[in-house]
Amino acid sequence: MRYSQMLLPTLKENPSEAEVASHRLLLRGGFIRRLTAGVYAYLPLGLATIRKVEQIVREEMNRAGAQEVLLPIVQPADLWIESGRWTKYGPELLRFKDRHNRESCLGPTHEEVITDLVRMNVHSYRNLPLNLYQIQTKFRDEIRPRFGLMRGREFIMKDGYSFDLAEEGANLTYQKMYDAYHRIFARCGLAFRAVEADTGTIGGSFSHEFMVLAATGEDTIVICRAAGCGYAANLEKAAGPASEAPKEPADMLPLEKVETPGQRKVAAVIAFLGIAPSQLVKTMVYLADGKPVAVLVRGDHEVQDVKLKNLLGAVDVVLADDQQIFEATGVPSGYLGPVGLKILVVADREVAVMRNVVIGGGEKNYHFRNANLERDFRVEKFADLRQVTATDRCPCCGGELEFPKGIEVGHIFKLGTSYSQAMKATYLDKDGQEKFFVMGCYGIGVSRIVAAAIEQNHDQDGIIFPLPLAPFKVVVLNLSPNDEKISGAAEAIYQGLLAAGTEVLIDDRDERPGSKFKDADLVGIPFRVTVGKGFTADGTVEVRRRAGATVAVPLADTVALILAEIDREMSALAGQS
RNA sequence: CGGGACGUGGCUCAGUCUGGUAGAGCACAGCGUUCGGGACGCUGGGGUCGGAGGUUCGAAUCCUCUCGUCCCGACCA
């Protein structure tokens, strides 16, 4: 491609709408332009990058035995009503009516559509297992789209769905996808980690997320430091260690009500009473689908609402505000305790082994000392409800934990029969028995990978694309388009690379050298060949790896050298998987 | 939805407090000089000041409403 003919509007200044690196650089580099909140147009360079990701995804999905399809983006409400998600999915599902007043929606995901397709067309065990995927635009009406391609409302996703005869087969398929995902992200040249995850709205029995490690990631993940352990989980999911302290029959001291005027926060109460935060139990009130629930956790722990949601089987849990707390319990916030509470009380399992604790007094300006479970208050259910902290140990091996940030670029779920049952999707087995398909679903955020790759690989000058994702592998800078000798050399390299099938951009614009260097750095093309004064002087051109060293190379050797470098690096990445 | 900030040429922003003929830099077009890390000079084109209503002799500026965008929390690839 010739730069002079390409729509590649780079920006010298930082757009005010962009905060994070990937968003800023994608805008500045002329990859994308915003149309409206969370909706972007892909310019030629942006599309070329998306295509690189798609191609890797496609190759690995096909290699793993999946087949590509393309499903409709507009979906009828009926299907969603059938699966039960028309009511469950919430406002992210963009709904509308067509001219016949039929309820419809824009597909945020395609479980319903694919299940419908398969139940209509697959009836026999002979046609199973089946693994179908598509690469397509999704729409989710996110509450707050942000960070450019990182969290758009419209985005490109690879979503795949598997249909198996039974559990064992489904587990095998899941493992295949897990392996394929590893190959995909490795081939993209990304530093990533697979972690155990919560199953979220899509539902199902277990799941893994694939996280690109980057300081700006929106998710916190928990990783065990111990060599050979390999425990890694999303913070939402990470198991709190089982309570160590035995349920010792420690001497229960008599319950004592103490005055704590104005002491509402944990920090204030412990300071006032001169105790450690681990000797206090705080009582949090949540509204689970609108119904109040009291949740007990140790003073230095935090409630993990995803765990709470799962325990209660709720669609939605939110922390109650002061007024809601008072309405539900009759106690002002800050002094609430489990004694005499009329609403459902659940607790983190750590609470079960605590003795002689401080709790809210159930009236303004009072707390209890030496409260004890069973004797003084009741708990309906115990479960792991708290967020793991830095002082916790690995639930697998007891090793130390670290908490890096990550960007979720892939998520695989084992769905089981939840959709096939809801939508009556069945096949006949060998014995003529009607059975439900055992399903799995597998997503990759294609456009998000581009953003994640940039978050992980950039410097103050611009993007540093991993070779496999770069829209062009090489950029040739012709520093003097008016000089025949220099232009001839630049053209020779350009043509040589083109002939070898390499994606190459030649900067043939009538611009000053400075602009060409700046733009080349900005858009992050891995190899840069500069043809200028050096060539006039001694017949060499400069080859430079983005953010690397420059070497002078005789014109005749240039193409071969670059091709060899590219080949070496690409096969290293492919082999590593 | 709650909290915060902001809408002025294509981009970045000044001007708004204290009402009085819409500005700068970049980008764009022409000419000239320049030419290895975003050059310089001269000339030129381009703006319903987000929109509507109001106050006023007069509104980018004050008031009301409205739309949009960005940032912080709950959703997710």
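Atoms considered below: every heavy atom in the structure, side chains included; atoms not considered: hydrogens, waters and symmetry mates.
- With both pairing distances under 3.5 Å, U21(B) is matched to nothing as a Watson-Crick or G-U wobble pair.
- Contacts of P15(A) with the nucleic acid, taken as non-hydrogen atoms under 4.0 Å apart, involve only primed sugar atoms and P, OP1 or OP2.
- For A14(B), there is no paired base (Watson-Crick or G-U wobble, both distances below 3.5 Å).
- Looking only at atom types and distance, the side chain of S162(A) has a donor-acceptor partner in the side chain of Y442(A) under 3.5 Å away.
- Of the candidate nucleotides C70(B), C76(B), G73(B), C76(B) has the atom lying nearest to any side-chain atom of R448(A).
- Annotation: cation-pi geometry satisfied between R95(A) and W86(A) (NZ/CZ under 6.0 angstrom from ring centroid, within 45° of ring axis).
- Counting non-hydrogen atoms under 4.0 angstrom, D219(A) reaches a base of the nucleic acid.
- At the heavy-atom level, R28(A) lies under 4.0 Å from base atoms of the strands shown.
- Toward the 5' end of RNA chain B, the nearer of the two residues R151(A) and E17(A), judged by each one's closest nucleotide, is E17(A).
- No contact: S480(A) has no heavy atom under 4.0 Å from any strand.
- Among the heavy atoms of the strands lying under 4.0 Å from S16(A) are primed sugar atoms or P, OP1, OP2 only; no base atom is included.
- Between G443(A) and L11(A), the residue whose closest nucleotide on RNA chain B is further toward the 5' end is L11(A).
- For R528(A) and D521(A), the salt-bridge test passes: some basic side-chain N is under 4.0 Å from an acidic carboxylate O.
- To the nearest angstrom, P of C76(B) lies 11 Å from CG of N234(A).
- Using a 4.0 Å cut-off, no side-chain N or O of K518(A) falls inside it from OP1 or OP2 of G37(B).
- At the heavy-atom level, E142(A) lies under 4.0 Å from base atoms of the strands shown.
- Under the stacking criterion of a centre-to-centre distance below 5.5 angstrom and an interplanar angle below 30°, F155(A) sits stacked against the six-membered ring of A77(B).
- Using a 4.0 Å heavy-atom distance criterion, R144(A) is classed as a base contact.
- Residue D519(A) is tested with K12(A), R512(A), R509(A) for a salt bridge (Lys or Arg N to Asp or Glu O under 4.0 Å); the sole match is R509(A).
- In this model, no donor atom of one side chain and acceptor atom of the other lie less than 3.5 Å apart for E196(A) and N234(A).
- When both distances must be under 3.5 Å, the Watson-Crick or G-U wobble mate of A39(B) is U33(B).
- In this structure, E542(A) reaches the bases: a heavy-atom distance under 4.0 Å links it to at least one base atom across the strands shown.
- Base contact: R528(A) has a heavy atom under 4.0 Å from a base atom.
- A gap of 25 Å separates the C1' atoms of C63(B) and U21(B), to the nearest Å.
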